[in-house]
Structure formats: C-alpha cells, structure tokens
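First up is the structure itself, then whatever we jot down about it.
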Amino acid sequence: MNDRQPPADTISEHGEIFENLDPSPRLLMGPGPVNVYPSVLRAMATPMLGQFDPQFTHYMGQVMSLYRRVYRTENHWAFLINGTARAGIEACLVSLISPGDRVLVPIFGRFGHLLHEIATRCGAEVVTLETAWGTVFEADALRDAIRRHRPKLVALVHGDTSTTMAQPLDAIGAICREFDALLYVDATATLGGMPVEVDAWNLDLVSAGLQKCMSGPPGSSPITFNQRAAAVVARRRHIEAGIRAEDVADAGGARIQSNYLDLPMLMDYWSPRRLNHHTESTSMLYAARECARVVLGEGLERGFARHRTASRALRAGLEAMKLRLYGDPAHRMTNVTGVYIPAAVEGDKVRRELLSDFAIEIGTSFGPLHGKIWRIGTMGYVCRKDNILRCLTALEAVLRRNGFAADAGAAVDAAYAVYDHAPA
Ligand SMILES: Cc1ncc(COP(=O)(O)O)c(C=O)c1O
C-alpha cells in the first residue's frame, strides 16, 4: 500500500465503508444517557438465544422478578417494552386510553407536555393543569382537579429532567383511588436513583428507561402495572389471526391502536403461553437484566443515598463558584441539577469546551429554559465522588477561561467537605 491509498477497511468495491467504530471516551454528566456499567456492556456481548429457548424464557422470568424488586411491587406484571422510555409511555397510554376517555395531565415541564401529546394522539379528551417550570404541584391542587374533572386516568411525570424537579407522589395514588381514577407515572428519570414506591404509593402503571439511573443503554423500557390496570387493558384483548387458537375470542373492547405496543398482546407474550408477538430484543434484555442486578446488588437505599450525597456535593461546589441553582430547593431531583448560566459567558461555548478539552458532557435545556440553565446529571454509574470532583474542576477552569471569576479551588473544596461528612 502506498501513502496515498486509504487503509483497506475504509473502502469497498461500492465505495467507502468508513473507519472502525471507535468513539472517544466521554464522561456523560448530562440528564441521560449516561455511561453504562461495564458489566452491562459485557452482558450485551453474550451470545444470542432463540426467543423460545427455555434458557431465554427463563431469563425473561428473571427480568420480571428483578424489576418487581426495583419497582418495589408485588405486581405480577413487570416486563420490558422494546424501545426507549417513550415507547414504555406509549404502551401504557395507548393500551389504557380508549378514544373519548378523559385524561388529566398535570404539566410541570417538557415531559408533561409529552404525556399530553401522546394522550391526545390516543383520542383522549385531555384536561391539563400547569404550574410554572421549576415548581411542582401541591397534592391539594391535584385533588381539586381530579374531583372537578373526574378523569379515567391521571398521567404524571415523577422526575422531569427538563426542569430537574421531582413531583412528590406519595399522596397522589390514594387521591386517585378515592375518585376511581387510574394513575400512570413516568419514572424514566428517577428509577434506580430516587425511591419509586409502586405499591406503597398506589401507582397503577409505571414506566421507565435504562439510560438514566439504571445506567444501561437507551432502548429498553421496564414497565409495571397492577391488577386494576391489567383489568382495564384486558377488556381490549385481541389476538392476531394466524396465531389465534379456535377456542379463544377477543375481549370485545375497542381495539388498541398500536399493535407493537399493545399491552394485552405483550402480556400473552410475557406469560407462560408465550404467544408470539415481536422478537424480544435479546441484547437489550440481557442489558436490562444486568442493570437491575447491579442496582439491586448495591441495594436500593444505598444507591439513593449515593445520589443524594453526590447532588449535595455538586451543588455545594457550584454555589462555592458563585453560580445560582435553579428551581424550588424543596423539590429538586437528587440525580440532576439545574444551574443558571452566568450572564458573562456563552452557555453553549462552555459546554463545547468541556466536551472538547475535558471530554465531559453536561446538558443544555429546552423551551423556556433554553440558554438559561445547564443541567448536570449525577446518575447511576456516573454518580461518584471522582466524577463530581472532575466535573467541578473542569467547569471552574472553563468558566475562568471564559471570563467568569470563579474562586480557584473553592468548588472542589466545598464538594470535598460534603463527602468528608457524608455517612459511609
Ligand atoms: C422524564 C422523562 N420521560 C421520558 C423521556 C423520554 O425518554 P426516551 O428518550 O428514552 O424515549 C425522558 C428522556 O429524557 C425523560 O427524562
């Protein structure tokens, strides 16, 4: 090969086939996706199995039992939707909502708007309730709205990464029961990082993703739902021609508009009947299984405490740099922090330099907050003292280069002080 010829792996007879995949190492401290646990990456590289191989269906059973524990529920139904967290949301909403059903969506950030959007596409009569970004709802405000509108379903986000706020849920499930409404919760950004007490809080359906505090790749959505929800969706059970046995009839309710995200079909697939539906994403199931094993292996409470301490340390460091934190301090998520971009600097330039010079990614923001705050995630595998100190050191250096007079060393000292006094 002479100097002018590209290496053999960059050309083919049809032209370029590009270089070997070799992404640069990054520290992902945005609001997700985050760095994946090494054992999850290894699990994903293990061999394929056929979807009805008894070994694979055994793993499916293990996944159900692991996610019952992650969700702290006795629910029978806990399984995976193939797709990102949004697919889990759609599976729950499209299966529950029949056209014309009234759905109440309290909105405190971008992902409340997403629930509104999806519920509307499902043909619901959607009633919304909004509060300013950076705040959450009082239980009484939700109670009044539920009493007034009498929805069939309340759809609510737990931690909305767009505003970094966490909606307290402990009282909401009981209120929904009082008015005979179902409660769906999007716990994408909190599962594994903050308590999600499915049974204790009477949550009827909950969905999540892997790419935040579960520290897996995006592409699988663990969901769980109770018998109240199962009874509602079962009234819409339909079995495809071609796999239907002679003696099985449809339930007769309105057909669920999505085939792929049809919960009763998925229940048939995730039950001992193993009624054929999609081909389960083998590698993502391995990933989801390993994420849950790692999270449960650490212990849920220990993991929550690790996230709380990391956020306290990060916030102490940011404030020591004289940066201002965003949002209602009483309701901040403990795995992502919003911080105002100081007037003296250009937010996107700082983010670019953090990435190019320190290989650290932090998050931008959407809608009304765009250009106003950065969002710094401390989720899952990333949520460790060394990463907090690295991030603060790098941010301080980049801010100083960009003309913001942060006291040298103050941020790291403040973060150290939190860790020095944190319970072991
Ligand atoms: C609260 C919340 N819900 C839903 C989603 C959508 O997740 P995905 O991009 O995995 O579909 C996100 C992603 O950031 C989120 O933070």
Side-chain angles (χ1 to χ4, degrees), residues 28-36 40 71 80-94 105-119 121 130-131 133-137 154-169 172 183-196 203 205-224 258 260-261 281 284 287-288 291 307 311 326-327 331-338 361-367 369-370 373-380 382-383:
L28 299 179
M29 295 192 69
V34 305
N35 300 84
V36 171
V40 172
Y71 273 124
L80 305 176
I81 302 295
N82 286 188
T84 65
R86 187 180 290 242
I89 299 171
E90 287 217 45
C92 292
L93 297 189
V94 77
V105 184
I107 300 175
F108 61 100
R110 184 222 158 153
F111 291 102
H113 285 290
L114 175 65
L115 299 185
H116 178 197
E117 150 91 22
I118 295 174
R121 284 174 184 248
E130 293 201 40
T131 183
W133 285 34
T135 69
V136 296
F137 294 96
V154 177
L156 189 55
V157 177
H158 186 204
D160 196 313
T161 45
S162 68
T163 67
T164 70
M165 294 293 110
Q167 170 67 48
L169 293 174
I172 315 300
L183 176 58
Y184 160 79
V185 169
D186 170 9
T188 302
T190 47
L191 191 70
M194 292 179 67
V196 179
L203 313 181
L205 294 94
V206 188
S207 68
L210 292 189
Q211 77 271 24
K212 300 195 191 264
C213 300
M214 300 301 294
S215 264
S220 179
S221 173
I223 68 167
T224 186
S258 168
Y260 195 65
L261 300 173
S281 288
M284 286 309 300
C291 289
H307 283 83
S311 286
Y326 173 76
H331 295 111
R332 289 185 182 133
M333 295 166 70
T334 56
N335 47 29
V336 56
T337 295
E361 178 179 278
I362 64 167
T364 179
S365 45
F366 310 114
L369 293 176
H370 185 68
I373 67 165
W374 293 306
R375 293 173 303 148
I376 306 181
T378 45
M379 295 182 177
V382 166
C383 173

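First listed ligand is number 1; within each ligand, the first listed atom is number 1. Note: hydrogens, waters and symmetry copies are ignored here, and every other heavy atom, side chains too, is used.
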Quick one: pull up NZ in K212 and SG in C291 and give me the separation to the nearest 0.5 Å. 13.5 Å
Give the C-alpha distance, both sets of side-chain angles, the deciding distance and a yes or no for salt bridge (Lys or Arg N to Asp or Glu O under 4.0 Å) between R121 and E117. CA-CA 6 Å; R121 284 174 184 248; E117 150 91 22; 2.5 Å; yes
Could you tell me whether the side chains of S281 and N82 share a donor-acceptor contact shorter than 3.5 Å? yes
Under the rule for side-chain contact (heavy atoms from CB on, under 4.5 Å), what residues qualify as partners of A288, not counting sequence neighbours? Y67, L80, L210, S220
Taking the six-membered ring of F366 (Phe, Tyr or Trp), confirm whether the NZ or CZ of R375 is under 6.0 Å from its centre and within 45° of its axis. yes
Flag, side chain of H307 to backbone of G380, donor-acceptor distance under 3.5 Å: yes
Any idea which residues sit under 4.0 Å from ligand 1, heavy-atom distances? T84, A85, R86, I89, F111, G159, T161, D186, T188, Q211, K212
